[in-house]
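Here, residue 1 is the first one in the sequence, and each next residue gets the next number.
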Amino acid sequence: MVDKPPAAFMAILVFFGLAQPDTMTYQGYGEGEYVLVAPQIAGTLETLDTERGQTVYKGDLLFTLEHADETAALEQAKAEADHAQSTLADLLKGKRPTEIDTLAAQRDQAGAALKLAAITYARDQQQFRVNAVSQATLDADKATLDQAKGHLAETEADVATGELSTGRTDAIRAAEADIAADTAAVASAQWRLDQKTLTAPSDAFVFDTLYRPGEFIAAGQPVVSLLPAPNIRARFFVPEPQLASVPAGTEVKIHCDGCAELILAHVTYVSPQAEYSPPELYNQDNRARLLYLLEATPDEKPELLHPGQPVDVMVGIEK
């Protein structure tokens with residue numbers, strides 16, 4: 001609703017240059033949009049580090065939930081990531097000198113065994129021609145020779161692999177995939193642990209605390225209600241005939257009981273619907289009884305306003 005300011009009050013404002021004689025005053029109240037701080041993971045409230053009525057600053061600790069499981073899960077994820085890193089590093093390194101020496105010795109033994117098998121097979125071939133050995137013996141010598149050849153090829157391949165500076169390509173790719181998966185697991189575990197410690201998202205007034213330590217908090221359940229100063233505004237009502245003269249962006253001055261000075265603000269919202277519109281008002285003579293909700297956001301010192309506090313919003317009428 002709209003009121004003409006008291007003459008004495010307006011005279012004082014005009015005298016100090018705070019208002020014009022043609023200023024219109026509208027009744028309203030302070031309003032705030034609260035920030036409800038809630039965990040995304042359920043748990044028991046371990047500590048409540050703020051109290052109702054306090055002022056907190058961005059990053060200040062608000063509360064923590066029990067986090068033993070999350071801490072253990074993070075440590076496990078880090079250990080698995082370290083193991084994957086060590087595995088890849090081992091694959092990227094060649095065999096140690098002593099290991100290569102062992103492989104070389106096995107290759108030399110295989111070479112000696114091949115020479116012996118070749119000599120034995122050649123001798124028994126001659127003996128077979130004069131019927132000195134059986135066909136079974138010759139076949140066994142041939143099998144032993146073939147086996148020796150295969151064993152020598154295997155040991156030579158082992159030595160060649162051991163001398164490489166990199167491991168097998170497929171094993172390296174698998175190790176790299178393990179590292180990527182373990183790194184993601186660490187990030188996930190860290191995020192879950194972080195969700196058990198909540199801090200203030202901005203400077204704000206602590207409007208209320210909703211739980212006590214020891215109580216179980218469901219995921220998404222607010223624990224602390226904050227009121228940041230930028231979220232405070234004044235709501236007031238303008239009759240339909242004056243609505244067009246107070247568009248969004250209009251500069252207004254807000255007066256509240258106990259405020260030492262007027263608060264400069266700008267209209268940031270004009271409701272598209274009337275707040276009060278009984279059927280009998282839909283005629284040209286009664287349009288003045290239609291009221292529209294407007295919001296004005298203070299340019300500075302919004303903390304001077306309190307939600308629910310009655311205010312007077314003064315708007316200069318341009319001629």
Side-chain angles (χ1 to χ4, degrees), residues 1-20 22-37 50-58 60 62 200-210 222-240 242-243 245-276 289-317:
M1 49 186 302
V2 60
D3 289 336
K4 287 290 185 180
F9 176 64
M10 283 303 302
I12 294 174
L13 295 179
V14 171
F15 178 79
F16 286 102
L18 300 176
Q20 300 297 325
D22 52 1
T23 296
M24 298 296 293
T25 300
Y26 302 97
Q27 292 182 353
Y29 57 91
E31 183 59 281
E33 294 181 353
Y34 300 94
V35 175
L36 303 178
V37 182
T50 189
E51 296 180 357
R52 182 170 55 184
Q54 284 186 337
T55 297
V56 294
Y57 301 94
K58 183 176 180 179
D60 284 355
L62 297 178
S202 63
D203 298 352
F205 173 77
V206 180
F207 180 76
D208 202 1
T209 56
L210 308 175
V223 176
V224 177
S225 176
L226 302 177
L227 180 59
N231 291 15
I232 300 174
R233 52 188 46 85
R235 285 185 171 181
F236 61 103
F237 299 89
V238 175
E240 191 273 339
Q242 283 86 44
L243 186 63
S245 65
V246 196
T250 300
E251 180 182 292
V252 299
K253 292 183 176 69
I254 302 172
H255 170 264
C256 59
D257 294 339
C259 295
E261 57 188 52
L262 297 179
I263 301 172
L264 182 65
H266 284 80
V267 175
T268 54
Y269 173 76
V270 178
S271 174
Q273 295 181 338
E275 292 291 312
Y276 177 62
R289 294 177 59 189
L290 293 173
L291 299 179
Y292 287 80
L293 170 68
L294 282 73
E295 290 185 353
T297 301
D299 297 340
E300 57 183 12
K301 299 182 179 179
E303 64 276 3
L304 295 178
L305 295 179
H306 301 280
Q309 179 184 22
V311 298
D312 295 314
V313 180
M314 288 167 282
V315 181
I317 304 301

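The closest side-chain heavy-atom distance from Leu305 to Cys256 is below 4.5 Å. Between Pro307 and Phe207 there is no side-chain heavy-atom pair separated by less than 4.5 Å. Side-chain contact check for Glu251 versus Leu264: some heavy-atom pair is nearer than 4.5 Å. Taking the side chain as every heavy atom from C-beta outward, Leu226 and Pro201 approach each other to under 4.5 Å. By the 4.5 Å heavy-atom criterion applied to side chains, Thr55 and Asp203 are not counted as neighbours. Using a 4.5 Å heavy-atom cutoff, the side chains of Tyr269 and Arg233 are not in contact. The shortest distance between side-chain heavy atoms of Tyr29 and Phe237 falls below 4.5 Å. In this structure the side chain of Pro239 reaches within 4.5 angstrom of the side chain of Leu291, judged on heavy atoms.
Leu304 CG to Ile254 CD1: the interatomic distance, rounded to the nearest 0.5 Å, is 10.0 Å. Atom-to-atom distance recorded for Glu295:CD and Phe236:CZ is 9.5 Å, nearest 0.5 angstrom. One finds the CG atom of Leu262 at 6.5 Å from the NE2 atom of His255 (value rounded to the nearest 0.5 Å). Note that the SG atom of Cys259 and the CD atom of Gln309 stand 5.5 Å from one another [nearest 0.5 Å]. The structure places NE2 of His306 at 8.0 Å from CD1 of Ile232, a figure rounded to the nearest 0.5 Å. Gln242 CD to Leu294 CG: the interatomic distance, rounded to the nearest 0.5 Å, is 11.5 Å.
Closest heavy-atom contact between Thr268 and Thr297: OG1-OG1, 3.0 Å. Residues Arg52 and Thr209 come closest through the heavy atom pair N-CG2, 4.1 Å. Gly30 and Val311 make their closest contact through N-CG1, 4.3 Å (heavy atoms, listed as atom of the first residue, atom of the second, distance). The shortest non-hydrogen separation linking Phe205 to Gly53 is CE1-O, 3.4 Å. Here the closest heavy-atom approach between residue Pro298 and residue Ala265 is recorded as CA-CB, 3.6 Å. The minimum heavy-atom distance linking Glu33 with Asn231 is given by the pair O-ND2, 2.9 Å.
When the options Val238, Thr25, Val252 are evaluated for a side-chain contact (heavy atoms from CB on, under 4.5 Å) with Val315, the one that passes is Val252.
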Let's go through Val270 and Leu243 carefully: what are the C-alpha distance in whole Å and the side-chain angles of both, what is the deciding distance for side chain to side chain contact (heavy atoms under 4.5 Å, CB included) to 0.1 Å, and is it a yes or a no? CA-CA 9 Å; Val270 178; Leu243 186 63; 3.8 Å; yes

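Panel note: side chain Asp312, backbone Gln27; no donor-acceptor pair is recorded below 3.5 Å.
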